[in-house]
Protein chains: 2
Amino acid sequence: MAIRITTSDYRALAELRYRIRHFLSESDYAARRVGLEPQQYLLLLAIRGLPADADPTVRVLAERLGLRHNTTVELINRLEVRGYVHRKRDVEDRRHVLVLLRQSGEKLLERVARQRITEVHTRGAELVQAMTAVLGYREMLPKTSKKRGTRQPVNTS
Amino acid sequence: MAIRITTSDYRALAELRYRIRHFLSESDYAARRVGLEPQQYLLLLAIRGLPADADPTVRVLAERLGLRHNTTVELINRLEVRGYVHRKRDVEDRRHVLVLLRQSGEKLLERVARQRITEVHTRGAELVQAMTAVLGYREMLPKTSKKRGTRQPVNTS
DNA sequence: GGTAGTAATATCGTAATGCGATATATTGGA
DNA sequence: TCCAATATATCGCATTACGATATTACTACC
């Protein structure tokens, strides 16, 4: 049943990760330059760039960041201590906590985003190109057994 | 001088991150299921999938993972303790340390990679599509505003 | 209205991650 | 030989992340 995984397969997976990682580390670096931890930048971005129909609750943000809710709570704590965001109880449903940007947070976010926007369009194209190259190296991979399809969802949210 | 960053810009950046994050977290999850931390899986993968012309030294692996060398050293330490890799001094240049997979490490890596290979081909295509959509979200707009238009179109050649 | 169950957030303990600064060993020249 | 560059390792510290558990608020159902 087990199809042998070749060195080419491993190289493709590794190369894909390498490309993505280096694309993202530009942004990590940009964040650190303005004194933000990478994850902190991502939280600020997630709030500011939330889809129009969503509220910035802890749970929603956790889902957007691909994190557990408790990890997100602590991330918010650190940003609140630094004065970049603040919490506001949702009056509609008092279980919900809305996480809102403060001026200082928005400022920092903007400084990182400004550097990223052009960057993303130039390097992003490279990344997409590299990804299609890597992904297309074996388009005709035979379908594996049915069992493999029973995968659990990543998030409990 | 500063061009205003719009909500659409933030949404695009956030959406891009969301897509990438969820694509990657599948792999984090697959790694954790076999008892590997995400980064540990990536180190094993980096070793096994290293380009043919490279040696698995600490520095090379750090570069492939996009990490500082000292972070990589500690990651290797943890994997060595668990018996998944071992170190070997390079006899050519005794400053170099070669990081080699042990059987157990290779086994675990294979289990994760096996789940990822098909996954990457299906979800990867989705990701690429989403990325081009996000990256090109303004490419379709009329190029009236010259300021914004200074961005290069995606070159797929 | 009361109660059980569900949902959202928070807290605690612990391990992994990651960096800057610094230390040590090795190599390859001047 | 001596010195600068290179490679790895160590130390201290903050951040990240998770599982388990607690607390508060809402919702059904009786």
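Since we're looking at a predicted model, the values are computed, not measured. Here is the naming used below: chain letters follow the sequence lines, and residue numbers restart at 1 for every chain.
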Over 12 foreign heavy atoms within 6.0 Å of CD, A:E119: yes
Indicate whether the side chain of A:R17 and that of B:S27 have a donor and an acceptor atom separated by less than 3.5 Å. yes
Do you see a donor-acceptor pair shorter than 3.5 Å between the side chains of B:R78 and B:Q39?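 No, because no side-chain N or O of B:R78 sits under 3.5 Å from a partner of the opposite role on B:Q39.
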Separation of [N] [atom2] from [X] [atom1] (nearest whole Å):
X: B:E92; N: D:dA7; atom1: CD; atom2: P; answer: 15 Å
X: B:R32; N: D:dG19; atom1: CZ; atom2: C1'; answer: 11 Å
X: B:D93; N: C:dG29; atom1: CG; atom2: C1'; answer: 14 Å
X: B:R95; N: C:dG29; atom1: CZ; atom2: P; answer: 10 Å
X: A:D28; N: D:dT16; atom1: CG; atom2: P; answer: 11 Å
X: A:R94; N: D:dT23; atom1: CZ; atom2: C1'; answer: 13 Å
X: B:R33; N: D:dC18; atom1: CZ; atom2: C1'; answer: 16 Å
X: A:E37; N: D:dA14; atom1: CD; atom2: P; answer: 12 Å

Can you see if the side chain of [X] gets near the phosphate of [N] - specifically, an N or O under 4.0 Å from OP1 or OP2?
X: A:R89; N: D:dA25; answer: no
X: A:Q39; N: C:dT17; answer: no
X: B:R87; N: D:dA9; answer: yes
X: A:Q40; N: D:dT16; answer: yes

Is the backbone N or O of A:V128 less than 3.5 Å from a side-chain atom of A:T132, with the two atoms forming a donor-acceptor pair by type? yes
Checking the side chain of A:T57 only, and the main-chain atoms of A:V60 only, is there a donor and an acceptor separated by less than 3.5 Å?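 Judged by distance alone, yes, a pair lies under 3.5 Å.
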Salt-bridge present (A:D9, B:R114; N to O < 4.0 Å): no
Going by the side-chain contact (heavy atoms from CB on, under 4.5 Å) test, name the single residue among A:L79, A:V85, A:L98 that passes it with A:I47.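 Only match with A:I47 under side-chain contact (heavy atoms from CB on, under 4.5 Å): A:V85.
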Please give me every residue in residues 47-73 of chain B whose heavy atoms get under 4.0 Å of an atom in DNA chain C, ordered by residue number.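 DNA chain C contact set from residues 47-73 of chain B: B:L67, B:R68, B:N70, B:T71.
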Can you sort out which residues in residues 74-83 of chain A have a heavy atom within less than 4.0 Å of DNA chain C? Ascending by number, please. A:E74
Check the pair B:I76, B:R87 against side chain to side chain contact (heavy atoms under 4.5 Å, CB included), reporting the backbone distance first and the verdict last. CA-CA 9 Å; B:I76 293 165; B:R87 284 172 158 96; 3.5 Å; yes
For residues 46-71 of chain B, the salt bridge (Lys or Arg N to Asp or Glu O under 4.0 Å) pairs (sequence neighbours left out) are A:E15-B:R64, B:R48-B:E106
Between C:dA10, D:dT8, C:dT27, which nucleotide gets closest to the side-chain atoms of B:H96? D:dT8
